[in-house]
Amino acid sequence: MNELEDIVDFEHYPIDNREFQDKCFNIIMDKSVLILKDFINKKCLYNIQKEALLLEKKAYYCSQKHTVLLQKRNQNISNEDPLNIEVVSDKGCVPHDLINTDSYLNQLYNSFIFKNFLKKVLGIKYIYPYKDKLSSINYNYYQNSQQLGWHFDNASFAITLMIQSPDKGGVFEYLDKGRDYKKNYIDKDLIKK
């Protein structure tokens with residue numbers, strides 16, 4: 001019995017299949033992003049959405065100004081420097097410690113099959129749980145006019161599971177250029193645009 005059969009749509013995404021893993025690896029190598037539309041099945045999605053609605057009253061809302069590198073503005077460089085321009089992130093968040101241990105999200109996060117899929121697709125030998133027990137999984141809530149400001153993630157990879165489309169707006173944008181972390185290179189002209 002598959003530990004994820006109630007979560008993942010294996011008919012379209014056989015994440016335990018080597019051929020599919022290789023295909024996903026090649027997509028990431030080419031585009032640096034992998035989009036798996038309707039990755040979780042409808043029953044699981046319904047349950048996750050229901051869980052998110054129940055937890056929303058526990059969400060902590062805040063607004064932060066930060067640079068694209070998720071830092072505070074540097075007073076030693078020009079405010080016009082693309083790496084020093086502030087953007088805003090404002091949202092509500094429910095951290096991992098408030099999510100039930102038998103939640104589908106926890107089952108997916110802790111799944112051997114899913115971890116193995118990530119290792120193959122990312123071309124890495126090991127994968128470890130996120131050290132920050134609050135941030136490993138979280139629900140994010142965006143009300144009217146709230147946003148996640150444009151930024152570069154600090155982790156070597158991130159997984160975003162969108163569980164509800166907005167009524168309008170809410171475009172998730174991703175650029176596969178602009179920064180090469182390994183080479184310590186940032187394309188400031190691209191960032192400025």
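Taking hydrophobic clusters as Ile, Leu, Val, Met, Phe, Trp and Tyr residues chained together by side-chain heavy-atom distances below 4.5 Å, F157 shares a cluster with I137. Hydrophobic clustering (side-chain heavy atoms under 4.5 Å, transitive across Ile, Leu, Val, Met, Phe, Trp, Tyr) groups L161 together with L122. Linking ILVMFWY side-chain heavy atoms closer than 4.5 Å, directly or via other members, places I124 and F114 in a single hydrophobic cluster. By the criterion of side-chain heavy atoms lying less than 4.5 angstrom apart, applied directly or through intervening Ile, Leu, Val, Met, Phe, Trp or Tyr residues, L148 is not grouped with L70; the two fall into different hydrophobic clusters. Under the 4.5 Å side-chain heavy-atom criterion for ILVMFWY residues, no single connected hydrophobic cluster contains both V87 and L83.
More than 12 heavy atoms of other residues, nucleotides or ligands shown are found within 6.0 angstrom of CD on E86. Residue-environment remark: CG (D132) exceeds the threshold of 12 foreign heavy atoms within 6.0 Å. More than 12 heavy atoms of other residues, nucleotides or ligands lie within 6.0 Å of CG in D102, so this atom counts as buried by the packing criterion. The 12-atom threshold is not exceeded at CG of N144, counting heavy atoms of other residues, nucleotides or ligands nearer than 6.0 Å.
Side-chain contact check for L118 versus V121: every heavy-atom pair is 4.5 Å or farther apart. Residues F25 and K120 fail the side-chain proximity criterion, which asks for heavy atoms closer than 4.5 Å.
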So L45 and Q49, side chain to side chain contact (heavy atoms under 4.5 Å, CB included) or not? Walk me through it.
-> CA-CA 6 Å; L45 176 61; Q49 288 171 333; 3.8 Å; yes
Tell me, with the steps shown, if Y104 and I40 meet side chain to side chain contact (heavy atoms under 4.5 Å, CB included).
-> CA-CA 10 Å; Y104 281 132; I40 58 175; over 6 Å; no
Salt bridge (charged side-chain N to carboxylate O under 4.0 Å, His left out) between D81 and K188: does it pass, once the steps are laid out?
-> CA-CA 8 Å; D81 186 303; K188 289 187 180 186; 2.8 Å; yes
Check the pair V68 / I85 against side chain to side chain contact (heavy atoms under 4.5 Å, CB included), numbers first and verdict last.
-> CA-CA 8 Å; V68 295; I85 296 172; over 6 Å; no
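Note that NZ of K42 and CG of D9 are 8.5 Å apart. Values are rounded to the nearest 0.5 Å. Interatomic distance, I113 CD1 to E5 CD, rounded to the nearest 0.5 Å: 9.5 Å. Of the inter-residue distances, the one linking F39 atom CZ with I159 atom CD1 reads 8.0 Å to the nearest 0.5 angstrom. Within the model, atoms CD1 of I99 and CG of L134 stand 10.5 Å from one another, a figure rounded to the nearest 0.5 Å. The CG atom of N140 lies 4.0 Å from the NZ atom of K91; values are rounded to the nearest 0.5 Å.
Note on residues 106-118: pairs passing side-chain hydrogen bond (donor to acceptor under 3.5 Å, both in side chains), not counting sequence neighbours, are E3-S111, H96-N106. Pairs of residues two or more places apart, or lying in two chains, that qualify as ring pair (Phe, Tyr, Trp, His ring centres under 6.0 Å) and include a residue from residues 119-156 are W150-F152.
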In a table with atom names and distances, give each donor-acceptor pair under 3.5 Å that connects a side chain of residues 59-66 to protein atoms at least two apart or in another chain.
residue	atom	partner	partner atom	Å
Y61	OH	Q143	NE2	2.7
H66	NE2	S89	OG	2.7

Pairs under 3.5 angstrom only: tabulate donor-acceptor contacts from the side chains of residues 31-38 to other protein residues two or more places apart or in another chain.
residue	atom	partner	partner atom	Å
S32	OG	Y174	OH	2.6

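With hydrogens and angles left out, the side-chain atoms of E51 and S103 include a donor and acceptor closer than 3.5 Å.
Taking the charged nitrogens against the carboxylate oxygens, D6 and K43 have no contact shorter than 4.0 Å, which rules out a salt bridge.
Contact between A158 and D153 at its shortest, heavy atoms only, is CB-OD2, 3.5 Å. Contact detail for L98 and L55: the closest heavy-atom pair is O-CD2, 3.5 Å. Between C44 and I7, the shortest heavy-atom contact is SG-CG2, 3.7 Å.
Taking D22 as the reference, R18 meet the salt bridge (Lys or Arg N to Asp or Glu O under 4.0 Å) condition, with sequence neighbours excluded. A search for side-chain hydrogen bond (donor to acceptor under 3.5 Å, both in side chains) contacts involving D187 returns nothing, not counting sequence neighbours.
Remark: the backbone N or O of S78 is paired with a side-chain donor or acceptor of N84 at under 3.5 angstrom. Between the side chain of Q147 and the backbone N or O of D90 there is no donor-acceptor pair closer than 3.5 Å.
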